[in-house]
2 protein chains.
Amino acid sequence: MDSSERLIESARELLWERGYVGMSPRAVQRRAGAGQGSMYHHFSGKQDLAAAALRRSAAELREQAERTLSGPGGACERVAAYLLHERDALRGCRVGRMAQDPEVIAAPALREPVAETFAWLRARLAEVLREGAASGQLPGSLDPDDTAAALAAVLQGGYVLARAEGGAEPYERAVRGALALLTAQARPAATP
Amino acid sequence: MDSSERLIESARELLWERGYVGMSPRAVQRRAGAGQGSMYHHFSGKQDLAAAALRRSAAELREQAERTLSGPGGACERVAAYLLHERDALRGCRVGRMAQDPEVIAAPALREPVAETFAWLRARLAEVLREGAASGQLPGSLDPDDTAAALAAVLQGGYVLARAEGGAEPYERAVRGALALLTAQARPAATP
DNA sequence: GTCTATATAAGGATAGAC
DNA sequence: GTCTATCCTTATATAGAC
């Protein structure tokens, strides 16, 4: 792994742990085992490095979600699989975490990957929910866009509660609670 | 308003906007119109000041929630009123925001108000949901603790989505979506 | 490409005068 | 109680040698 690569991976970790404001170029360099010169050779500065790291994390999240959402099973089962996917609740979401940072929100290069990720996720979840309505698994009375937003929010909010309280329990409860509300709406999938 | 008071209020604003890592004593002093000496006379340092500000924000959140949750109407209506309470989605939650900050999580004096707030909120929401089950408005099949966690998470996650995408829409959708799932479970309240 | 100065500003706090 | 002076460290970046 070359040093540019190590810098990006180190930035990804530090962004996750400390956010953009809390990520210092020095700390990234130390963790990557690279010097000042190396970093400023590959990247124009802190923001440029963070943008590269963030784009990678956003792509990763998206690929991971797509794998589950386009997997086997009925619409409801795929949404459930996505919600129940194993996550470290206390670490939270690499992408969602950035949304709190005012400097991320203010810098288009940093904000775009974050905005796009969640716009995509909501749309993709809504699409699956629409399939569920079309197949009769879910009632047509549920607005798929609203439901999708609620489900995406439960995950992001679950992280907040878990970190606040110092344990994964609130996250797990939130996911279970949301899933219970959703599946209460579903009839068993047609089993062909 | 004396200068101690102004310092706390300024700290509250800056914590909200920039988080604990991003809040510098200098910036608080400037906003409060107070000097170094004044701040260090009233508070032992950044953490002490932030703790005072955070305790106040936590108390405020709790009082606000309690007003709605102990208000008039059936259980379901009170939960709905709490969810629909007007909030600035792009600014987010003064307390929830702190949960992302590693230095807040690491410092007991900062973390406690955050942890207590959400533990209380989940418990209080669950209590109201239990009332709803007892009165027959909600089905006994819903786990009140799980549902409460899901609802609290929807709000916190709604803020994340809103900030990420730069508009209140995802927040509003998330709240509507969650409420739709909940009220689909409810029968009309007994109208005595 | 990477290293070692070097630079300016800010962070966070202390000391002592008034 | 508040002000000013001072302190050491870190953040972020540039410059130029190798």
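By convention in this document, chain letters (A, B, ...) are assigned in the order of the sequence lines, proteins followed by strands, and residues within each chain are numbered from 1.
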In whole angstroms, the gap separating P of dA17(D) from NE2 of H41(A) amounts to 18 Å
Side chain of S38(A), heavy atoms from C-beta onward: which of dT2(D), dA13(D), dC3(C) has the nearest atom to it? dC3(C)
Check nucleotides 4-11 of chain C for protein N or O atoms closer than 3.5 Å to its own N or O atoms and list the pairs.
from, atom 1, to, atom 2, distance (Å)
dG11(C), OP1, S24(B), OG, 3.2

Can you tell me if S38(A) uses its side chain to pair, donor with acceptor, with the backbone of G35(A) under 3.5 Å? no
When you measure from the side-chain N and O atoms of S3(A) to the phosphate of dT2(C), is any distance below 4.0 Å, counting only OP1 and OP2? yes
Who pairs with R6(A) by salt bridge (charged side-chain N to carboxylate O under 4.0 Å, His left out), at least two apart in sequence or on another chain? none
Using atom types as modelled, flag every donor-acceptor pair under 3.5 Å from a side chain in residues 111-121 of chain B to any protein atom, sequence neighbours excluded.
from, atom 1, to, atom 2, distance (Å)
R111(B), NH1, I105(B), O, 3.1
T117(B), OG1, P113(B), O, 2.6

So the side-chain hydrogen bond (donor to acceptor under 3.5 Å, both in side chains) pairs with at least one residue in residues 89-101 of chain B (sequence neighbours excluded) are E13(B)-R94(B)
Can you list the other members of the hydrophobic cluster that holds V21(B), where links are side-chain heavy atoms under 4.5 angstrom apart? V21(A)
In whole angstrom, what separates R18(A)'s CZ from dA11(D)'s P? 8 Å
Is the shortest side-chain N to carboxylate O distance from E172(B) to R176(B) below 4.0 Å? no
Could you tell me how far apart Q29(B) (CD) and dA13(C) (P) are, to the nearest whole angstrom? 10 Å
Starting from the 5' end of DNA chain C, give me the residue, H42(A) or G45(B), whose nearest nucleotide shows up first. H42(A)
For Y20(A), enumerate each residue passing the ring-ring contact (aromatic ring centres under 6.0 Å, His included) test, keeping only those at least two apart in sequence or located in another chain. none
Whole-Å distance separating the OH atom of Y20(A) from the P atom of dA11(D): 14 Å
Which whole-number value in Å describes the distance from L7(B) CG to dG12(C) C1'? 15 Å
Rounded to whole angstroms, how far apart are CE on M39(A) and C1' on dA13(D)? 9 Å
Provide, to the nearest angstrom, the distance between the CD atom belonging to Q47(A) and the C1' atom belonging to dT12(D). 13 Å
Rounded to whole Å, the CZ-P distance (F43(B) to dG1(D)) equals 13 Å
